[in-house]
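Notes follow the structure.
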Amino acid sequence: NATSLRHASGRIIDRHALARAILTRLEAWIDSSLHDRRDHIRREYLQRSDLLGRTVQLSSKGRRYSGRIVDLDPFQGILVQLERGGVRLFTPATTSLLN
């Protein structure tokens with residue numbers, strides 16, 4: 001049967017605080033689940049990707065870069081040997097492949 005949080009708890013529930021608490025717990029649960037399977041996920045990711053060794057152009061934080069991808073990690077990002085020298089890790093949150 002349907003009910004309400006107010007009826008079930010006997011008090012008014014802050015829906016935003018409840019949603020925040022649920023999402024925080026969900027994120028912690030997902031992180032702990034992924035931690036146990038991280039190496040397996042990375043191996044599977046590398047097997048299926050055709051990016052390793054490819055020369056790419058990418059954009060990160062408003063700047064453009066070119067180089068060859070030397071390592072991939074679905075959690076950390078891509079490691080690129082830059083054309084202008086040096087190796088740099090580009091995180092997925094701030095990076096877009098342009099080609």
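Hydrogens, waters and symmetry mates are skipped; everything else that's a heavy atom, side chains included, is used.
Here Glu44 contributes atom CD and Asp39 contributes atom CG; the two are 12.0 Å apart, rounded to the nearest 0.5 Å. Distance check: Ser59 OG to Arg64 CZ gives 7.0 Å after rounding to the nearest 0.5 Å. Considering CD1 of Ile69 and CD of Gln81, their distance stands at 12.5 Å, rounded to 0.5 Å. To the nearest 0.5 Å, the span separating CG on Leu79 from CZ on Phe90 amounts to 9.0 Å. To the nearest 0.5 Å, atoms CZ (Arg84) and OH (Tyr65) are separated by 10.0 Å.
Counting only distance, with no hydrogens or angles, the side chain of Thr24 and the backbone of Arg20 share a donor-acceptor pair below 3.5 Å. Side chain of Ser4 to backbone of His7: a donor-acceptor contact under 3.5 angstrom is found. Judged by distance alone, the side chain of Gln57 and the main-chain N or O of Leu97 form no donor-acceptor pair under 3.5 Å.
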Assess whether side chain to side chain contact (heavy atoms under 4.5 Å, CB included) is satisfied between Arg11 and Ile13, documenting all intermediate values. CA-CA 6 Å; Arg11 61 189 175 99; Ile13 303 293; 4.0 Å; yes
For the pair Arg68 and Val56, evaluate side chain to side chain contact (heavy atoms under 4.5 Å, CB included) and give the outcome as yes or no after the intermediate values. CA-CA 6 Å; Arg68 186 176 56 82; Val56 295; over 6 Å; no
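Atom CD1 of Ile12 has 12 or fewer neighbouring heavy atoms from other residues, nucleotides or ligands inside a 6.0 Å radius.
Residues Ile41 and Pro74 form a side-chain contact, since some pair of their non-hydrogen atoms from C-beta on lies under 4.5 Å apart. Within the 4.5 Å cutoff, no side-chain heavy atoms of Gln47 are placed close to those of Arg43. Residues Leu72 and Leu46 are in side-chain contact: their nearest non-hydrogen atoms beyond the backbone lie under 4.5 Å apart.
Taking a cutoff of 4.0 Å between a charged side-chain nitrogen and a carboxylate oxygen, Arg42 and Asp71 qualify as a salt bridge.
Just one of Leu58, Leu89, Val70 meets the side chain to side chain contact (heavy atoms under 4.5 Å, CB included) condition when paired with Val80; it is Leu58.
Across every non-hydrogen atom of Pro92 and Gly77, the tightest pair is CD-CA, 3.6 Å. Heavy-atom minimum distance, Asp50 versus Arg54: O-CD, 3.5 Å.
Side-chain heavy atoms closer than 4.5 Å link hydrophobic residues (I, L, V, M, F, W, Y) into clusters, and following such links, even through other members, never connects Leu51 to Phe75.
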